[in-house]
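Order of appearance sets the numbers: ligands from 1, and atoms from 1 within every ligand.
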Amino acid sequence: MALRNIVTEGDPILRKVCRPVGEVSPRIQMILDDMVETMRDANGVGLAAPQVGIMRRMFVAEPTPERVFCFVDPEIVSMEGEQESEEGCLSVPGMAGTVIRPEKIRIRGLDRYGKMQDYKFEGFDAIVMCHEFDHLEGVLYIDKADDVHELSEEPEEE
Ligand code: NI
């Protein structure tokens with residue numbers, strides 16, 4: 001496995017609509033494994049293929065430590081409710097902003113082994129999956145947040 005470079009905002013690759021993967025080949029599995037390693041190395045909870053310069057519809061996510069999901073050609077089949085939270089993105093370092101997302105989603109897609117999976121997520125898990133899915137459409141959270149601000153390095157003193 002190898003770490004990949006994370007593309008940052010301003011690079012046009014983050015703004016393109018990604019193409020379907022199709023078959024989960026050994027090469028695709030290798031990329032997914034690299035993405036998991038890269039996500040963990042950057043202390044992220046999700047990483048989409050365009051963030052490592054690959055214009056394909058796949059992402060990895062680890063909303064809870066040691067519970068990794070790989071999605072290839074995912075499809076969000078239903079959404080329900082609303083929730084608001086502060087998000088950040090490895091491609092927009094040092095920033096955060098508030099985004100409204102569905103409270104619950106159902107998403108299906110191929111896993112790392114090419115097997116079709118169908119999951120329901122809610123709460124933080126749903127936020128992460130929606131954020132990563134947006135990357136496949138060339139959408140960043142900063143497009144949806146109107147309070148994007150710098151994250152202070154240290155807690156502010158009163
Ligand atoms: Ni992101």
>> Tell me whether N5 at atom CG has more than 12 heavy atoms from other residues, nucleotides or ligands lying less than 6.0 Å away.
In response: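 Counting other residues, nucleotides and ligands, CG of N5 stays at 12 neighbours or fewer.
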> Can we say E75 and R106 salt-bridge, meaning some charged N sits less than 4.0 Å from an Asp/Glu carboxylate O?
Replying inline: no
>> Per the salt bridge (Lys or Arg N to Asp or Glu O under 4.0 Å) rule, what does the pair list look like for residues 17-34, sequence neighbours excluded?
In response: R4-D34, D33-R112
For residues 65-73, run the donor-acceptor check on the side chains, cut-off 3.5 Å, and write out each pair with its distance to 0.1 Å, sequence neighbours left out.
from : atom 1 : to  : atom 2 : distance (Å)
D73  : OD1    : V21 : N      : 2.7
D73  : OD2    : V21 : N      : 3.3
D73  : OD2    : G22 : N      : 2.8

> Who passes side chain to side chain donor-acceptor pair (under 3.5 Å) against D146, sequence neighbours left out?
Replying inline: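 So D146 forms no side chain to side chain donor-acceptor pair (under 3.5 Å) with any residue.
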>> Quick check for you: within a radius under 2.8 Å, how many protein N, O or S atoms neighbour the Ni ion (ligand 1)?
In response: 3
> Where is the tightest heavy-atom contact between T38 and A2, given as atom of each residue plus distance?
Replying inline: OG1-O, 4.0 Å
